[in-house]
Amino acid sequence: MLTPLPAQPGPGEWVLLSYRLPREPSGPRTTVWRRLKRLGVAQLSDGLVALPADARTRESLEWLADDVLAADGTAGLWVARPATLAQERALAAGMAAARAEEYRSLTEQSREAADGDSTERTRALRRLRAEWRAINRRDFFPPPEREAAAVALRDLAEAAAEDGSPVAEVTEAAP
């Protein structure tokens, strides 16, 4: 008797936010745009964004939808699956590419700061660690550039530690 092959896993769930804001005043539009960028959403079209579905992403987009409604806009929250794995891979690849660019920038800034003076290194280390945490919060599909950024940040921390900086504690768990 033949045993059936296990089914290929299908696309996962995504939470989508459909929104529309009035053109004027422009403040709420700018605020929403900045918050979407901070969340690392995939832009599907004008006024339609997506994130992999979990409790955190759903809650974040629910809050954003409430803010859109409070600004006299319209908003709808949806949970959906891409029709194909190829569509989901394309979404994930786009999100990973955006994070890869952020990690490349962080790597470059870390290396530049390591060549600076002691005060510069300490200040940059604090700022870049905060940036690292922010990128990680929106990094759903980690690209290879993540590890290079971690190494560059650890190198910066080691350089600052040589200066005797108290913020330069180097740990294996995080840059």
Side-chain angles (χ1 to χ4, degrees), residues 14-15 17 19 21 23-44 46-68 70-71 88-175:
W14 290 69
V15 60
L17 171 65
Y19 68 97
L21 281 162
R23 292 224 178 266
E24 295 296 328
S26 62
R29 293 173 67 85
T30 303
T31 300
V32 166
W33 178 81
R34 285 183 181 144
R35 288 187 55 203
L36 290 170
K37 185 174 166 91
R38 196 170 32 242
L39 290 172
V41 298
Q43 184 84 40
L44 302 178
D46 286 345
L48 182 61
V49 297
L51 285 171
D54 65 22
R56 181 179 63 95
T57 58
R58 185 175 178 146
E59 182 179 17
S60 295
L61 290 181
E62 285 173 352
W63 280 101
L64 200 49
D66 288 344
D67 291 348
V68 168
E88 184 170 51
R89 284 187 199 115
L91 279 175
M95 293 174 79
R99 299 304 76 78
E101 182 59 36
E102 292 175 329
Y103 284 126
R104 281 191 292 273
S105 174
L106 190 129
T107 299
E108 183 179 317
Q109 291 176 61
S110 295
R111 289 179 179 152
E112 288 173 3
D115 293 334
D117 66 30
S118 173
T119 305
E120 233 177 87
R121 277 193 289 266
T122 300
R123 191 176 314 126
L125 181 59
R126 281 189 177 125
R127 180 178 56 79
L128 293 173
R129 278 183 169 164
E131 191 171 329
W132 168 268
R133 288 187 297 274
I135 295 169
N136 270 297
R137 280 191 297 275
R138 60 182 169 263
D139 188 3
F140 297 95
F141 307 99
E145 290 82 357
R146 181 182 191 275
E147 186 54 36
V151 168
L153 202 49
R154 279 193 294 269
D155 290 348
L156 175 58
E158 288 172 6
E162 289 172 5
D163 298 333
S165 173
V167 298
E169 181 179 310
V170 180
T171 64
E172 285 300 312

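Keep in mind that what you see is a predicted model, and the values were worked out from it rather than measured. The residues of the chain are indexed from 1 along the displayed sequence.
Sorted by first and then second residue, the pairs that involve residues 53-67 and meet salt bridge (charged side-chain N to carboxylate O under 4.0 Å, His left out), not counting sequence neighbours, are Arg35-Asp67, Arg58-Glu62. Residue pairs that meet the salt bridge (charged side-chain N to carboxylate O under 4.0 Å, His left out) test with at least one member in residues 103-116, sequence neighbours left out, are Glu101-Arg104, Arg104-Glu145.
The side chain to side chain contact (heavy atoms under 4.5 Å, CB included) check on Pro142 picks up Asp139, Arg146, with sequence neighbours excluded. The side chain to side chain contact (heavy atoms under 4.5 Å, CB included) search around Ala92 returns Phe141, not counting sequence neighbours. Scanning for side-chain hydrogen bond (donor to acceptor under 3.5 Å, both in side chains) contacts around Thr119 gives an empty result, with sequence neighbours left out. The side-chain hydrogen bond (donor to acceptor under 3.5 Å, both in side chains) search around Arg38 returns none, not counting sequence neighbours. The ring-ring contact (aromatic ring centres under 6.0 Å, His included) search around Tyr103 returns Trp132, not counting sequence neighbours. Taking the side chain to side chain contact (heavy atoms under 4.5 Å, CB included) definition, one finds that Ala114 meets it with Leu156, sequence neighbours left out. Under the rule for a side-chain hydrogen bond (donor to acceptor under 3.5 Å, both in side chains), Arg29 has no partner lying at least two apart in sequence or in another chain. With sequence neighbours excluded, no residue forms a salt bridge (charged side-chain N to carboxylate O under 4.0 Å, His left out) with Glu120. Under the side chain to side chain contact (heavy atoms under 4.5 Å, CB included) criterion, Ala65 pairs with Leu17, Ala75, sequence neighbours left out. Every residue two or more places apart in sequence or in another chain was checked for a side-chain hydrogen bond (donor to acceptor under 3.5 Å, both in side chains) with Gln43, and none qualifies.
In this structure, CZ in Arg129 is found 11.5 Å from CG in Leu106, a value given to the nearest 0.5 Å. Atom-to-atom distance recorded for Gln109:CD and Arg127:CZ is 5.0 Å, nearest 0.5 angstrom. Going from atom CG of Leu61 over to atom CH2 of Trp14 covers 11.5 Å, rounded to the nearest 0.5 Å. Annotation: the span from Glu158 atom CD to Leu153 atom CG amounts to 10.5 Å, rounded to 0.5 Å. Atom CZ of Arg138 sits about 12.0 Å away from atom CG of Leu36, to the nearest 0.5 Å.
Within 6.0 Å of atom CG in Asp46, 12 or fewer heavy atoms from other residues, nucleotides or ligands are found, so the atom counts as exposed in its surroundings.
Closest approach of Thr107 to Ala148, counting heavy atoms only: OG1-C, 3.7 Å. Of all non-hydrogen atoms in Leu21 and Pro28, the two that sit nearest each other are CD1-O, 3.9 Å. Nearest heavy-atom pair across Gly40 and Leu51 is O-CD2, 3.8 Å.
For Arg121 (side chain) and Gly116 (main-chain N/O), a donor-acceptor pair under 3.5 Å exists by modelled atom type.
Residues Val41 and Thr57 are not in side-chain contact: their nearest non-hydrogen atoms beyond the backbone lie 4.5 Å or more apart.
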